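Notes follow the structure.
From a predicted model like this one, the values you see are computed outputs, not experimental measurements. Hydrogens, waters and symmetry mates are skipped; everything else that's a heavy atom, side chains included, is used. So that the names make sense, note that chain A is the first sequence line, chain B the second, and so on, each numbered from 1.
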Amino acid sequence: MKDVSQMLKGTLEGCILKVISTSETYGYEISEKLKANGFPDISEGTIYPLLLRLEKNGCIAATYKNSPLGPKRKYFKLTDAGKQELDAFWVKWLEIEAAVHHLFQMKGDDSQ
Amino acid sequence: MNASKQKELLRKSNNKLDKQISKENTAILTDMVVYLRVSRISELQMELIRQDLLEMTIAAQERSESLESVIGGDYKAFCDEIIANAGPKPVMESIKESVYIIAMSVMTLLIIDIIFSGFPVRFLKEGLGGSPDFDFNVPITLGFVTSTVVITLVAWLLINWVGKKAFALSRGAEELRTKPKSKTYPKRIVWGMLAGAALAGFFILTVKFNEIVLFSVHALAVIGTAVALYLVTRWAK
């Protein structure tokens with residue numbers, strides 16, 4: 001699969017929530033942390049619309065804080081709804097991961 | 001703080017931030033903001049998103065990174081993602097927007113119509129003297145009604161078209177600058193002639209329709225209507 005963006009689409013929201021759950025953070029830092037964890041081609045622009053959706057759905061809350069350079073920076077923290085969403089994501093992810101693992105490790109199957 | 005006040009404050013602070021943006025990034029941001037403005041995003045959220053985009057751009061400039069590397073090359077797709085994920089415009093805001101456009105347009109064109117009808121000059125010459133025979137009635141013509149509808153509709157369509165085509169228009173303008181004039185002139189001449197013909201047709205019809213008086217109203221009623229429309233624009237703003 002050449003383009004992984006479609007695969008990533010569904011999982012990125014959960015991963016953003018995970019990054020925000022560790023500490024209050026801002027868009028650029030989230031994209032850098034995702035990249036540092038091995039997510040390919042994740043820019044601030046990739047995650048910005050997802051942050052908007054998470055904020056709209058009440059999973060994260062934003063506050064503006066002074067930045068050492070330039071304008072105020074938008075920091076995000078997880079809300080209670082966000083914590084629940086993150087837990088639900090992790091449960092679903094483990095199920096999917098187990099299913100994919102199981103499928104690919106089936107003996108006598110030539111699907112690999 | 002109410003939403004309207006918050007929106008105005010944000011707009012002012014965003015306009016200040018705009019000055020920190022490089023010329024190259026200004027061109028990209030302008031296209032994005034124009035495109036987003038004609039979408040279903042509320043005006044307050046639009047200013048919040050504009051603030052985020054400005055902050056993103058200024059931070060990228062400070063890191064000496066291009067906006068393309070931050071957002072990706074497809075700015076329209078990025079904006080479409082924003083529109084899809086942002087909250088929709090409240091119904092009341094959409095109604096107020098339409099009311100504002102119509103009231104502002106009718107008020108302006110009504111004032112222009114009154115001025116060009118010759119009533120103010122006639123009033124200064126004859127009416128001020130207190131002549132009992134002075135006719136205070138102002139004719140409302142078919143030309144006024146049709147031109148008001150056409151101008152309002154065309155202006156609204158034009159703003160929306162320019163917004164929706166912001167990225168394509170910028171690309172087109174760039175092509176016009178770089179392509180040899182011999183290749184672009186025929187197309188431009190045809191479009192210019194078509195626009196000229198449409199304008200000429202509109203003016204001829206308006207002049208003809210101006211001869212058809214639908215009804216007459218007292219000048220004070222016209223002034224009262226203009227004032228009422230102004231108050232409506234203040235409420236809808």
Side-chain angles (χ1 to χ4, degrees), chain A residues 3-6 8-17 20 24-36 39-76 79 81-82 85, chain B residues 6 9-10 12-22 25 28-29 32 36 39-42 44-90:
Chain A
D3 185 13
V4 292
S5 59
Q6 286 302 319
L8 270 176
K9 243 181 183 174
T11 53
L12 214 44
E13 261 187 48
C15 297
I16 291 170
L17 287 175
I20 298 173
E24 198 177 28
T25 182
Y26 55 97
Y28 180 70
E29 201 173 59
I30 298 169
S31 67
E32 288 301 297
K33 280 185 180 171
L34 288 170
K35 270 194 268 189
F39 284 86
D41 300 326
I42 298 292
S43 65
E44 211 178 342
T46 313
I47 61 164
Y48 179 69
L50 298 174
L51 288 169
L52 274 182
R53 183 158 66 193
L54 289 167
E55 199 183 348
K56 183 180 77 176
N57 294 343
C59 294
I60 54 173
T63 43
Y64 286 90
K65 291 184 181 179
N66 285 326
S67 122
L69 300 160
K72 283 187 174 179
R73 198 176 266 161
K74 197 176 184 181
Y75 280 80
F76 299 98
T79 61
E85 190 64 32
Chain B
Q6 196 187 352
L9 286 174
L10 265 171
K12 277 182 191 164
S13 74
N14 285 343
N15 289 345
K16 275 186 192 163
L17 290 178
D18 250 339
K19 291 176 185 143
Q20 296 179 43
I21 306 294
S22 71
N25 288 339
I28 300 166
L29 270 185
M32 290 203 287
L36 291 168
S39 71
R40 59 180 183 87
I41 299 173
S42 77
L44 176 60
Q45 194 171 19
M46 178 60 233
E47 286 306 323
L48 288 167
I49 289 169
R50 191 176 153 217
Q51 186 182 37
D52 294 343
L53 295 177
L54 284 163
E55 189 265 320
M56 222 184 267
T57 310
I58 292 166
Q61 284 177 183
E62 278 157 5
R63 296 192 303 266
S64 301
E65 285 178 17
S66 69
L67 200 53
E68 193 178 344
S69 69
V70 173
I71 288 175
D74 195 342
Y75 303 115
K76 187 176 172 292
F78 173 65
C79 290
D80 286 336
E81 282 284 316
I82 291 177
I83 295 164
N85 290 299
K89 191 180 285 187

Exercise for the section: Dump the intermediate steps for side chain to side chain contact (heavy atoms under 4.5 Å, CB included) on Leu52(A) and Gln45(B), then the final yes or no. Expected result: CA-CA 10 Å; Leu52(A) 274 182; Gln45(B) 194 171 19; 4.1 Å; yes

Exercise for the section: Please state whether the side chain, the backbone, both or neither of Glu65(B) comes within less than 4.5 Å of a heavy atom of chain A. Expected result: side chain

Problem - Exercise: identify the closest heavy-atom pair between Phe78(B) and Gly45(A) - result: CE1-O, 3.2 Å

Problem - Side chain proximity check, Lys74(A) to Asp52(B), heavy atoms < 4.5 angstrom - result: yes

Practice task
Report the C-alpha separation of Tyr28(A) and Val70(B) in whole Å, then their side-chain angles, then the decisive distance to 0.1 Å, and conclude whether the side chain to side chain contact (heavy atoms under 4.5 Å, CB included) test is met.
Solution key: CA-CA 9 Å; Tyr28(A) 180 70; Val70(B) 173; over 6 Å; no

Exercise for the section: Taking the side chain as every heavy atom from C-beta outward, state whether Tyr26(A) and Glu55(B) have any pair of such atoms under 4.5 Å apart. Expected result: no

Completion exercise
Bottom line for Ser69(B): the part with an atom under 4.5 Å from chain A's heavy atoms is backbone

Exercise for the section: Hey, could you give me the CD/OG1 distance between Glu81(B) and Thr46(A), rounded to the nearest 0.5 Å? Expected result: 9.5 Å

Handout entry: Between CD1 on residue Ile58(B) and CZ on residue Arg73(A), distance to nearest 0.5 Å
Key = 11.5 Å

Practice task
Counting only heavy atoms closer than 4.5 Å, note whether Leu67(B) contacts chain A via side chain, backbone, both or neither.
Solution key: neither

Problem - Leading residue by heavy atom contact count with chain A [cutoff under 4.5 Å; candidates Leu53(B), Ile71(B), Ile83(B), Ile82(B)] - result: Ile82(B)

Handout entry: Region of Leu48(B) in contact with chain A, defined by heavy-atom distances below 4.5 Å
Key = both

Handout entry: Region of Ala59(B) in contact with chain A, defined by heavy-atom distances below 4.5 Å
Key = neither

